[in-house]
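Heads up: the structure comes next, in structure tokens.
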Amino acid sequence: MKTHPKKEIRIICELPLAGRMRAHLDRAPISGYTLLPVIGGKGSEGAWSREGLVGDAGQMVIFLIILDEAELQAVLADLYAVITNQIGIITIADVEVVRPDRF
Amino acid sequence: MKTHPKKEIRIICELPLAGRMRAHLDRAPISGYTLLPVIGGKGSEGAWSREGLVGDAGQMVIFLIILDEAELQAVLADLYAVITNQIGIITIADVEVVRPDRF
Amino acid sequence: MKTHPKKEIRIICELPLAGRMRAHLDRAPISGYTLLPVIGGKGSEGAWSREGLVGDAGQMVIFLIILDEAELQAVLADLYAVITNQIGIITIADVEVVRPDRF
Amino acid sequence: MLQLAAANLLSPPVLFFVLGFAGSLAGSKLTLPEAVAKTLSLYLMLSIGFKGGVAVAGHGLTGEMFAAIGAGVVLSALLPVAAFALLGLMSPLSRVDRAAVAAHYGSISIVTFVAASETLRSLGVDFDGYMVAIAAIMETPAILVALYLAGSNRPRQEGESLFGEVLLNSSVVVLTGAFVIGAITGEKGMAEISPFIVDPFKGILCLFLLDMGAVAARGIANGSRFLNPGLIVFGAVMPALSASAALAIAWLTGMPAGNAAILMTLAASASYIAVPAAMRLALPEANPAIYLTLSLGITFPINLVIGIPAYLALARWILP
Amino acid sequence: MLQLAAANLLSPPVLFFVLGFAGSLAGSKLTLPEAVAKTLSLYLMLSIGFKGGVAVAGHGLTGEMFAAIGAGVVLSALLPVAAFALLGLMSPLSRVDRAAVAAHYGSISIVTFVAASETLRSLGVDFDGYMVAIAAIMETPAILVALYLAGSNRPRQEGESLFGEVLLNSSVVVLTGAFVIGAITGEKGMAEISPFIVDPFKGILCLFLLDMGAVAARGIANGSRFLNPGLIVFGAVMPALSASAALAIAWLTGMPAGNAAILMTLAASASYIAVPAAMRLALPEANPAIYLTLSLGITFPINLVIGIPAYLALARWILP
Amino acid sequence: MLQLAAANLLSPPVLFFVLGFAGSLAGSKLTLPEAVAKTLSLYLMLSIGFKGGVAVAGHGLTGEMFAAIGAGVVLSALLPVAAFALLGLMSPLSRVDRAAVAAHYGSISIVTFVAASETLRSLGVDFDGYMVAIAAIMETPAILVALYLAGSNRPRQEGESLFGEVLLNSSVVVLTGAFVIGAITGEKGMAEISPFIVDPFKGILCLFLLDMGAVAARGIANGSRFLNPGLIVFGAVMPALSASAALAIAWLTGMPAGNAAILMTLAASASYIAVPAAMRLALPEANPAIYLTLSLGITFPINLVIGIPAYLALARWILP
Ligand SMILES: Nc1ncnc2c1ncn2[C@@H]1O[C@H](COP(=O)(O)O)[C@@H](O)[C@H]1O
Ligand SMILES: Nc1ncnc2c1ncn2[C@@H]1O[C@H](COP(=O)(O)O)[C@@H](O)[C@H]1O
Ligand SMILES: Nc1ncnc2c1ncn2[C@@H]1O[C@H](COP(=O)(O)O)[C@@H](O)[C@H]1O
Ligand code: NA
Ligand code: NA
Ligand code: NA
């Protein structure tokens with residue numbers, strides 16, 4: 001089975017920001033995205049945990065976006081602008097996919 | 001600490017399909033797999049979210065499988081057959097592990 | 001947007017061990033970590049699922065740690081010692097980040 | 001009838017559904033966490049199953065009951081065919097999409113059943129406890145009929161495992177199991193657990209319908225581009241047609257009005273738990289956005305808001 | 001007053017809060033799963049909204065009610081200014097941090113409101129159902145005032161969408177929606193769902209406060225290094241100041257003591273759901289550890305444990 | 001005694017457990033979402049803790065109570081030794097595995113306690129409120145004994161932190177805390193929250209046991225290959241042995257039959273929350289599939305279905 005190289009952007013960002021992030025992703029040249037839950041963590045502002053919380057503040061989610069290398073820079077710059085003032089982390093990794101035309 | 005290269009298959013697939021996927025994985029030459037939750041996303045059929053849902057349809061899960069490169073093609077082909085008609089995404093990535101004999 | 005290479009450690013470990021793991025991570029030369037939920041899986045001791053469980057035993061979580069390659073060996077050795085007798089899996093992968101000074 | 005409709009429309013459960021629906025369309029996130037929504041759904045099934053079983057406990061198996069079961073089976077075998085044919089007339093869907101939609105309309109929606117039984121209860125209209133068993137029985141057969149309609153020529157073995165999966169769907173098992181437990185423990189069991197399964201029932205239904213309203217609205221927002229006018233009309237007309245068929249059978253078998261109103265509601269309702277999951281396995285080529293949006297976004301609200309009082313009014317009017 | 005404080009301190013809700021707080025400080029994990037905590041919070045809002053609506057149902061819109069609404073709006077516009085000024089005196093925070101904290105203290109905490117109304121109820125002190133509406137109304141305005149105080153010069157459009165997001169926050173929508181439903185269905189609706197929304201209410205509040213106690217303690221443990229003595233004093237003094245302002249307005253508008261005690265509690269309470277999320281969007285430079293720790297870790301416990309009985313005692317003493 | 005067993009077997013809680021168990025073996029997914037299962041478990045502890053505390057409130061500390069506490073401590077220190085020895089005779093397990101299993105059987109299962117107290121209540125058999133405190137006290141000591149039996153020579157510090165972790169396990173803290181709160185607030189507190197913690201209790205227990213049944217069956221399906229006939233016999237015989245020891249101590253200390261039946265149930269039950277987690281930390285080499293399957297898959301069902309009525313019958317027969 002032949003596989004084809006793509007890029008994967010993973011953004012760990014604050015939950016209150018998710019709506020804005022979605023709005024940007026809706027306009028981006030990508031085929032979609034996937035949202036993953038986070039249960040806790042620790043960063044420069046201390047440890048946090050989703051347990052027991054009622055509001056959105058103090059919680060995080062992960063956006064996973066698989067896309068073509070050709071679009072990476074544009075999408076990255078756009079999304080980076082969203083979280084630049086906020087708590088959040090962006091990583092990029094190499095992945096292989098089976099159906100390259102789907103992304 | 002010496003690390004050893006392995007492959008990681010990640011399958012984002014529909015929840016109703018999970019049983020079939022498990023059945024195939026049980027027969028595959030792998031040491032195991034891990035199931036991760038997904039809370040939402042967007043694809044060719046629009047946005048979706050796990051929130052509020054009662055049934056399995058319209059929800060997704062992630063299967064994570066670490067395996068030897070030697071087995072990759074066979075396992076990939078088998079699993080690909082399961083989701084070929086369904087909604088789902090397969091990616092392959094390189095990882096390093098500490099205890100290579102465990103996978 | 002220039003990106004910079006980092007390493008990512010991912011540890012799938014038993015939930016009862018999470019406290020000890022956190023204690024080690026608190027002392028490690030890293031900027032933080034992120035905890036992800038796991039809903040089930042299968043390994044040498046059979047299949048398991050988080051569903052229906054009341055206690056911590058028999059459940060797993062994922063620790064995600066992004067760090068500089070320079071620290072990898074030390075951190076890895078320390079964390080490996082925590083799970084060496086326990087059920088768990090460590091993988092290492094390459095990622096790129098935008099703000100290298102944050103990790 | 002208008003009075004009935006108004007009373008229904010102004011009851012707390014329907015108003016909470018409307019709140020969820022309208023609030024969600026306006027952009028508010030009113031869904032419950034999935035873990036809670038699933039549990040409330042289970043609670044509703046456990047509760048109505050148990051109540052039905054207790055009601056049956058004293059009476060044993062009667063001829064009327066078997067007639068009602070027969071009526072349910074016949075309906076759930078014929079309604080998918082009718083739905084399939086009607087869709088062929090009204091909308092340019094593929095054969096497989098039509099079959100998948102037909103499976104939903106041949107099966108039933110438990111929460112619609114629950115809403116109907118609450119309406120009857122608050123109006124003092126009696127119905128038999130075994131109607132719950134008929135709800136359970138009507139969940140599955142339509143799936144098989146729909147597979148046949150789809151011309152499915154899958155290997156036998158997968159079809160059989162599918163049937164097992166559907167019959168073992170937790171909603172069917174809890175409903176049936178609680179019914180049996182209710183029948184075994186009778187009034188004594190009821191006295192012990194009614195503060196949990198009876199007293200707060202209507203309030204919990206309100207909370208659940210708030211969620212269902214939000215999910216329905218979200219479904220419409222995301223899925224409407226897969227619908228066309230013909231489909232939307234189908235989602236409104238099919239319940240009326242199914243309810244009429246049920247009314248005819250009720251009349252033929254001499255059912256009392258309360259039972260008939262429930263049977264009509266079951267016929268008119270469309271599945272949103274067991275069948276969608278089964279269709280993803282059995283007919284993956286069918287577009288889930290179509291059947292989910294129709295069932296949850298169009299037919300469920302219509303039944304809840306105007307269908308139930310209409311079916312009851314009709315049943316009372318036609319039947320003795 | 002001391003007797004009141006003791007009775008409050010020894011009531012189950014407060015004791016469960018203390019259990020959560022102390023147990024969590026000692027290292028036990030007493031939080032509820034997020035899905036459950038969110039649902040309980042929703043339940044509390046649904047319940048008090050509905051109860052308030054039912055209470056209002058018979059009475060229609062009265063002049064008193066509009067006066068009370070006016071009092072609430074005035075308070076939620078002025079309190080952030082006072083908080084902002086007080087913070088300027090007491091602590092070397094940045095302008096943006098001060099504005100964000102001010103928004104929290106101008107807005108309200110629903111669970112504090114709930115605790116106060118339970119206290120009043122168990123002491124047999126009456127208050128009007130429309131006070132719930134005032135709670136809903138007071139949630140949002142402080143945010144706008146705080147943005148102004150922060151000197152926010154963001155593009156208009158984002159500001160507007162933010163206002164929508166806050167107004168559509170599920171807590172505001174459920175509270176208001178349930179209030180309207182309660183007003184529509186009145187005593188009849190209440191009779192149907194009171195076994196769910198009234199009877200177990202206080203017990204569920206205990207469970208929720210166990211969680212809140214644990215979250216508050218965790219917040220203090222993690223966030224205390226972002227606080228300084230000035231801030232901690234602020235967290236204790238600001239509620240007293242806000243309650244005094246509310247008492248003055250209550251006196252001016254001739255409010256009865258029960259209503260006044262509720263208004264004082266609302267004024268003294270600080271938001272922990274809607275405003276923190278809004279601040280993360282509107283003022284991301286503000287440090288969330290500061291406002292969350294102050295609101296949840298300092299002010300909420302103080303209000304719960306000693307504030308509420310004190311406000312009530314004062315209101316009864318000063319007002320006729 | 002047979003009549004007792006039949007009544008127990010046909011009670012709703014046991015039948016729902018059987019439904020979960022059988023349905024799960026048949027392939028249905030009847031577990032509750034983890035968030036809900038954890039919350040129900042917390043609810044059960046909060047409720048029985050509080051009820052026990054209220055029952056104790058009037059009576060103060062009596063000599064009988066201290067005798068019962070002493071009995072509990074003695075049992076939880078000796079039972080692990082007995083279990084360890086018995087396992088040595090019956091099965092070729094490693095020393096560490098035997099110690100880990102022994103810890104489970106020396107500790108207790110709260111839901112078994114709850115089921116026993118419901119059975120006693122519905123038969124009108126009295127027992128003292130302080131038995132809850134004994135349940136809490138018996139949770140932990142067996143762990144220490146088992147570590148000693150395992151010949152654990154871990155660094156002291158980890159052992160101590162482990163002891164803290166176990167004592168601070170949320171189940172122990174909520175049980176104890178709610179007991180204290182119940183003792184403080186007494187009947188007055190009870191009147192306020194009994195619609196939540198008393199009225200729906202048995203129904204919620206049914207829901208929880210449905211889940212427990214499903215988890216037990218899943219445990220057996222996954223874990224049975226780690227068991228051998230000797231272990232299965234152990235899982236059935238050990239409860240009888242423990243209950244006999246408890247009966248002897250009850251006789252020696254002159255306990256009334258109700259208290260004795262509870263003490264026997266506690267002795268016979270095996271932990272499934274606190275101890276498994278502690279064993280993963282303290283004795284990671286022990287195979288969790290063995291102790292979880294034994295405790296949850298074998299011993300829990302046996303106690304629930306036939307143990308509890310048998311212990312009660314014996315206690316009534318032997319004791320005055
Ligand atoms: N080195 C890291 N590896 C993985 N996740 C991290 C790391 N640093 C921070 N995070 C996550 O990002 C969140 C915000 O971190 P910070 O921006 O440092 O406040 C934390 O709460 C963690 O969940
Ligand atoms: N480019 C993408 N990156 C990450 N996830 C995606 C992407 N495209 C689709 N998905 C996920 O896969 C699901 C199915 O997508 P599709 O097959 O396009 O309908 C979506 O709901 C997303 O959760
Ligand atoms: N090959 C694998 N790929 C991904 N996850 C695995 C794999 N093997 C084991 N796991 C996970 O690690 C857990 C423990 O496995 P084990 O150490 O084999 O008992 C399993 O329950 C799985 O969740
Ligand atoms: Na139907
Ligand atoms: Na305020
Ligand atoms: Na025991």
Side-chain angles (χ1 to χ4, degrees), chain C residues 9-28 33-65 75-91, chain F residues 20 24 29-42 44-45 110-111 158 161-162 164-165 169-171 208 210-219 221-226 271-293 295-296:
Chain C
I9 304 180
R10 190 183 61 205
I11 305 177
I12 308 182
C13 82
E14 295 182 76
L15 186 50
L17 212 65
R20 253 180 227 176
M21 192 63 89
R22 278 172 181 272
H24 277 253
L25 288 168
D26 284 348
R27 291 190 297 263
Y33 56 85
T34 300
L35 259 171
L36 310 182
V38 181
I39 51 179
K42 190 172 174 177
S44 55
E45 313 203 346
W48 64 276
S49 161
R50 198 174 76 173
E51 278 280 308
L53 291 188
V54 168
D56 283 355
Q59 302 197 45
M60 307 197 95
V61 284
I62 294 181
F63 283 90
L64 212 66
I65 306 130
V75 172
L76 199 56
D78 182 43
L79 298 179
Y80 185 74
V82 181
I83 69 155
T84 186
N85 286 314
Q86 314 274 153
I87 302 172
I89 286 180
I90 301 192
T91 55
Chain F
S24 183
K29 204 199 75 46
L30 296 174
T31 44
L32 296 174
E34 176 212 353
V36 174
K38 283 196 164 159
T39 305
L40 294 190
S41 167
L42 197 91
L44 294 179
M45 311 226 210
I110 280 293
V111 71
E158 293 230 343
S161 97
L162 174 79
E165 276 174 41
N169 185 296
S170 62
S171 64
F208 187 66
L210 176 75
D211 178 73
M212 292 284 289
V215 172
R218 193 176 70 192
N222 291 336
S224 60
R225 65 200 162 97
F226 297 101
S271 174
Y272 66 95
I273 302 183
V275 179
M279 288 302 111
R280 289 311 300 150
L281 287 173
L283 300 177
E285 313 83 2
N287 182 349
I290 295 175
Y291 48 73
L292 280 173
T293 310
S295 158
L296 212 58

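Just the heavy atoms: all of them, side chains too, but no hydrogens, waters or symmetry mates, feed the values below.
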### Summary
Rounding to 0.5 Å, atoms CZ (F:Arg280) and CD (C:Gln59) come to a distance of 13.5 Å
### Summary
In short, C:Leu53 meets F:Glu34 closest at the heavy-atom pair O-CG, 3.7 Å
### Where C:Ala57 and F:Ala277 come nearest, the two heavy atoms and their spacing
CB-N, 3.8 Å
### Task
Determine yes or no for a side-chain-to-main-chain donor-acceptor pair under 3.5 angstrom, with F:Arg218 supplying the side chain and C:Gly52 the backbone.
no
### Query
Contact part of C:Glu51 toward chain F, heavy-atom cut-off under 4.5 Å: side chain, backbone, both or neither?
both
## Note on the structure
When every non-hydrogen atom of F:Pro288 is compared with those of C:Ile87, the smallest separation belongs to CG-CD1, 4.2 Å
### Query
Roughly how far, to the nearest 0.5 Å, is the CG atom of F:Leu281 from the CG atom of C:Asn85?
11.5 Å
### Query
Out of curiosity, C:Glu45 CD to F:Ile290 CD1, how far, rounded to the nearest 0.5 Å?
9.0 Å
### Task
Heavy-atom distances under 4.5 Å only: say whether C:Ser44 touches chain F with side chain, backbone, both or neither.
backbone
### Query
Side chain, backbone, both or neither: which part of C:Ile39 has an atom under 4.5 Å from a heavy atom of chain F?
neither
### Query
Among F:Phe226, F:Phe208, F:Tyr272, which has the most heavy-atom pairs under 4.5 Å with chain C?
F:Phe226
